[in-house]
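Chain A is the first sequence line, chain B the second, and so forth, proteins listed ahead of strands; every chain is numbered from 1. When reading the values below, keep in mind they use all heavy atoms of this one structure, side chains included, and skip hydrogens, waters and symmetry mates.
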Amino acid sequence: MLADKMEILKESIPFLLKGAFMTIELTTFAVVIGIILGTILGLARVSHNKLLNGIAKAYIEFFRGTPLLVQLFLLYFGLPNIGIDISAYFAAILGLGLNSGAYVGEVVRSGIKSIDKGQMEAARSVGMSYPQAMQYVILPQAIKRVIPPLGNEFIALLKDSSLVSVIAVKDLTRQGRLIISRTYESFLIFAAVAVLYFIMTFIMTRIVNYAERRLSISD
Amino acid sequence: MIKVEDLHKSFGELEVLKGINEEVKQGEVVVVIGPSGSGKSTFLRCLNLLEDITAGKVYIEGEQINSPQADIDLIRQETGMVFQHFNLFPHKTVLDNITLAPIKVKRLNKKEAEKIAYELLEKVGLKDKADSYPSQLSGGQKQRIAIARALAMQPKVMLFDEPTSALDPEMVGEVLGVMKDLANEGMTMVVVTHEMGFAREVGDRVLFMDHGIVVEEGDPEQIFTNPQEERTKEFLAKIL
Ligand SMILES: Nc1ncnc2c1ncn2[C@@H]1O[C@H](COP(=O)(O)OP(=O)(O)O)[C@@H](O)[C@H]1O
Ligand SMILES: [Mg+2]
C-alpha cells in the first residue's frame, strides 16, 4: 500500500518538476513585465502631468480592483471572442505581467514618495532636469526601499500563478491535477505540489533577504 | 545682478509674498532676517524657481527668469543653493556628490570634474573626506560639502537658507568661515540667517521681512543698533 504510493509519487515527480519549471518560467516573464510596466506606472503616478497620472491611476485601480482569474479569462477566452487569437501560454504571461505591473506601480510610487523632498530640490538646484534628478538621485535611493515590498509582491505572484492552471497552461498546479485525474491520489499529489511551491517561495525569500542586506551595506 | 519687481507668491489662498522689490548688486552680500513664517525661504526659493512665481518679475543679469522662454535648468546652474538640512545625496560619496552635476549637466569629463571638486574640498577644508559618505560626516562637514557641491557648478549667485540653524553650536563657526571666505572672494550672496555676528561682519545690507514684505532694510550696523520700524525693534529684542 505504502509502497504503491511511493511508486506513484516517484513516477509523478518528473511531471511535477516540469510543472514547477513552467511556473518559474511564467513568473520570471511576468516579473520582467511587472518591473518594466510598474516603473513606468510609478513614474507616471508621481509626475505632474495630469493625463499620464490619471491613466496610470485608472490602470492600477482596474487591475487591483478585479480578480486575477477574471483578468486571465478576459485575455484567454475574451480576446478570441473579439477576433484576437492568443495562446494559453501567452495569455498567462500577459495576464500575470499586466496584473503584477499594477502592484509594482504602487510600490514604486510609494518608494519614490518616501524619498525626502529635499533630494529632488537639491538635484534641481544644481541644474539637473527632472528626468536627470529621477535617474541619478531619486530612483537609486528608492530602489533600496522598494526591494522588500517588491520581493513580497513577486512571492505572491508566484503563488497566484497557480490560477493559470484553469486556462490550460501546464504549470505546477495543472500538472498535479493531471496526475490526480489518472491516479486519484489527490492528497498525496497536492501535498507534493504544496511542498514544491513552498520550496520555490522559500528560495525566493532568501534571495530577497540577501538582496536587501547587500543594498543596505552601501548606506 | 538680481532684480526683483513686485514679487508675489501664493500657496493656494495663502499669500506668502506680498510684493517685494529688491536689487542685489554684483558681489553684494544681502542678509535676510525675520520671524519664522515671514516668507524668507519662499523669497529665496523664488530666486532659483524652486517655487513658481505667482506674479511679478525676477531678473538675473538682466534676463527675466520667470518668463516662458527662460531655461529653468540653466538658471538654476547659475544660482547655487544651500539648504538648512544640507540635502546631500546619501547614496553617493562626497566626491560624487560634488561631481554629479558637473558631469551630468555640464558634461565635463570625470577628470575635469574631479579636479574642480578637489579644489573645492581644499577650500572647505575637507579634502580627506572625498571618499566618505554623507552619513559619516558631522553636520558642519555636511554643510561645507553642500556648499562645495553648489560651487562646483560655478554659479554667479549663492543662496543660503538658514545654513547653520540645524547645526550644533560648535559647528556653526566652520560653516560661517567658509561663507565668509566666499564673500571675500566677491561672490554675490543672499543669506537667510539669524547669525548677527555674520550679518554685521560680512553683510553689506540687511533685509528685515515680516508677513511677506520687506519691512525695513539698510546697513547691518544701522538695522541692529538703530532700527526704525516698530516690528524690527520687537523682532530684534527677541533674538538678540
Ligand atoms: N509648499 C507650501 N505650501 C503651502 N504653504 C507653504 C509652503 N511653503 C511655505 N508655506 C507657508 O508660507 C509661509 C512662509 O513660509 P517660509 O517662506 O518658509 O517662511 P520662513 O522661511 O520665513 O520661515 C508660511 O506660512 C508657510 O506655512
Ligand atoms: Mg525658512
| field | Under 4.5 Å from any heavy atom of chain A - which part of F83(B) | value | side chain
| R149(B), part contacting chain A, at a heavy-atom distance under 4.5 Å | both
| request: Below 4.5 Å from any heavy atom of chain A, which atoms of K92(B) appear? Answer side chain, backbone, both or neither. | output: side chain
| said: Counting heavy-atom pairs under 4.5 Å with chain A, which one of L49(B), L50(B), L74(B) comes out on top? | reply: L50(B)
| field | Presence of salt bridge, E122(B) and K127(B), under 4.0 angstrom | value | yes
| request: Answer with side chain, backbone, both or neither: which region of E121(A) has an atom nearer than 4.5 Å to a non-hydrogen atom of chain B? | output: both
| message | Taking every non-hydrogen pair under 4.5 Å, which of K104(B), R45(B), Q77(B), M81(B) racks up the most with chain A? | response | K104(B)
| message | Is it the case that the side chains of R76(B) and S125(A) hold a donor-acceptor pair, with the cut-off being a distance below 3.5 Å and no angle test? | response | no
| Under 3.5 Å side-chain donor-acceptor pair for R206(A) and Y210(A) | no
| Under 3.5 Å, is there a donor-acceptor pair between the Q64(B) and S67(B) side chains? | no
| Checking I75(B) against chain A: side chain, backbone, both or neither under 4.5 Å from a heavy atom? | neither
| task | With a 4.5 angstrom heavy-atom cut-off, could you sort out which part of M153(B) is near chain A: side chain, backbone, both or neither? | result | side chain
| Are side-chain N/O atoms of Y89(A) and E25(A) paired as donor and acceptor at under 3.5 Å? | yes
| query | Is the closest side-chain donor-acceptor distance between T173(A) and Y197(A) under 3.5 Å? | reply | yes
